[in-house]
Participant: 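Please see the structure below; I have some questions.
What you see below is based on every heavy atom in this structure, not just the backbone, and it leaves out hydrogens, waters and symmetry mates. For the single chain, residues carry numbers from 1 onward in sequence order. A quick note: this is a predicted structure, and the numbers were derived from the prediction, not measured.
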Amino acid sequence: MNMTSRHRNLLRGAAGMVAATALIGCTVVQDTLQVGQREFTYETSADAEESSESFRFQGFLPDDGTDVRLIAQLDGHAAVMRWTSPTVFTSEHCTEATVTSQPEIQAEWLPDPLPTEGVACSTWTVVRSGGTQVAWVNEPEE
């Protein structure tokens with residue numbers, strides 16, 4: 001290997017390291033400053049519950065849930081999640097309601113159209129479309 005090839009390989013390696021550091025740094029800045037939004041995907045409810053992000057699911061996921069997805073604003077003002085399950089979501093803390101809101105966060109995996117009947121759980125809304133269930137929260141910024 002001549003010096004030119006060695007320098008090119010070193011430069012390629014350095015460029016790759018800079019790109020990786022930039023991507024990692026972006027995530028660290030987002031998490032530290034609580035800005036932007038992040039998407040999380042898990043194969044099963046168990047995977048989501050075992051993750052370091054389990055607090056974001058707030059007890060919505062049934063044991064048999066699969067294809068779990070969540071997009072959350074890191075400042076906590078909005079989130080939308082989806083899971084597939086034959087188990088209909090219920091909670092003693094929720095009441096049946098006509099749905100009048102839409103998730104602030106748009107996701108390509110949301111059912112279209114969203115059902116107009118669901119449950120209200122404090123600031124969260126939960127709807128079901130076939131085996132897909134969607135929950136979202138839109139909290140105004142203070």
Participant: Looking only at heavy atoms, which two atoms of L61 and A48 are closest? And how far apart?
Facilitator: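 Heavy atoms of L61 and A48 come nearest at CD1-CB, 3.7 Å.
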
Participant: Keeping to residues at least two apart or across chains, list the disulfide bond (SG atoms under 2.5 Å apart) pairs with something in residues 55-88.
Facilitator: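 Listed by first then second residue: nothing to list.
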
Participant: Between L114 and S129, is there a side-chain heavy-atom distance shorter than 4.5 Å?
Facilitator: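 The answer is no; the side chains never approach within 4.5 Å.
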
Participant: Show me the side-chain donor-acceptor pairs of residues 118-128 shorter than 3.5 Å, one per line, residues at least two apart or across chains.
Facilitator:
{"from": "T123", "atom 1": "OG1", "to": "E139", "atom 2": "OE2", "distance (Å)": "3.2"}
{"from": "R128", "atom 1": "NE", "to": "G130", "atom 2": "O", "distance (Å)": "3.0"}
{"from": "R128", "atom 1": "NH1", "to": "S85", "atom 2": "O", "distance (Å)": "3.2"}
{"from": "R128", "atom 1": "NH1", "to": "Q133", "atom 2": "OE1", "distance (Å)": "3.4"}
{"from": "R128", "atom 1": "NH2", "to": "S85", "atom 2": "O", "distance (Å)": "3.0"}
{"from": "R128", "atom 1": "NH2", "to": "G130", "atom 2": "O", "distance (Å)": "3.4"}

Participant: Give me each pair satisfying side-chain hydrogen bond (donor to acceptor under 3.5 Å, both in side chains) with a member in residues 105-121, each pair once, sequence neighbours excluded.
Facilitator: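 Qualifying pairs: E39-W109, T98-E117.
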
Participant: For F60 versus W83, what's the shortest heavy-atom pair and its separation?
Facilitator: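 Nearest heavy atoms, F60 then W83: O-CZ2, 3.7 Å.
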
Participant: Do you know which two heavy atoms are closest between F89 and G59, and how far apart they sit?
Facilitator: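 Looking at all heavy atoms of both residues, the closest pair is CE1-O, 4.3 Å.
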
Participant: Going by heavy atoms in the side chains, are V134 and P111 under 4.5 Å from each other?
Facilitator: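 With C-beta onward as the side chain, the pair touches.
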
Participant: With distance as the sole test, does N138 use its side chain to make a donor-acceptor pair with the main-chain N or O of E104 at under 3.5 Å?
Facilitator: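 Pair found, side chain donor or acceptor close to backbone of E104.
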
Participant: Sorted by first residue and then second, give each salt bridge (Lys or Arg N to Asp or Glu O under 4.0 Å) pair with at least one member in residues 76-101; sequence neighbours left out.
Facilitator: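 Those involving residues 76-101 are D67-R82.
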
Participant: Go through V68 and S45 one step at a time and tell me if the side chain to side chain contact (heavy atoms under 4.5 Å, CB included) criterion holds.
Facilitator: CA-CA 7 Å; V68 178; S45 295; 4.3 Å; yes

Participant: Is there a side-chain contact between L110 and P103 (heavy atoms, below 4.5 Å)?
Facilitator: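 The answer is yes, as the side chains (C-beta and beyond) meet within the 4.5 Å cut-off.
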
Participant: Quick one: sort the Y42 and F57 rings into parallel, tilted or perpendicular, breaks at 30° and 60°.
Facilitator: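 If you compare the ring of Y42 with that of F57, the planes turn out perpendicular.
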
Participant: With E53, which residues qualify under salt bridge (charged side-chain N to carboxylate O under 4.0 Å, His left out), at least two apart?
Facilitator: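 In terms of salt bridge (charged side-chain N to carboxylate O under 4.0 Å, His left out), with neighbours along the sequence ignored, E53 is linked to R56.
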
Participant: I need the M81 CE to Q58 CD distance, nearest 0.5 Å.
Facilitator: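 So the gap between those two atoms works out to 6.5 Å.
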
Participant: I'd like to know if the side chain of T44 and the backbone of D47 have a donor-acceptor N/O pair within less than 3.5 Å.
Facilitator: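 Such a contact is found between T44 side chain and D47 backbone.
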
Participant: Tell me the disulfide bond (SG atoms under 2.5 Å apart) pairs involving residues 46-75, sequence neighbours left out?
Facilitator: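 Non-adjacent pairs meeting disulfide bond (SG atoms under 2.5 Å apart): zero.
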
Participant: About how many Å separate CD1 of I105 and NE2 of H77, when rounded to the nearest 0.5 Å?
Facilitator: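 Nearest 0.5 Å value for the NE2-CD1 distance: 11.5 Å.
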
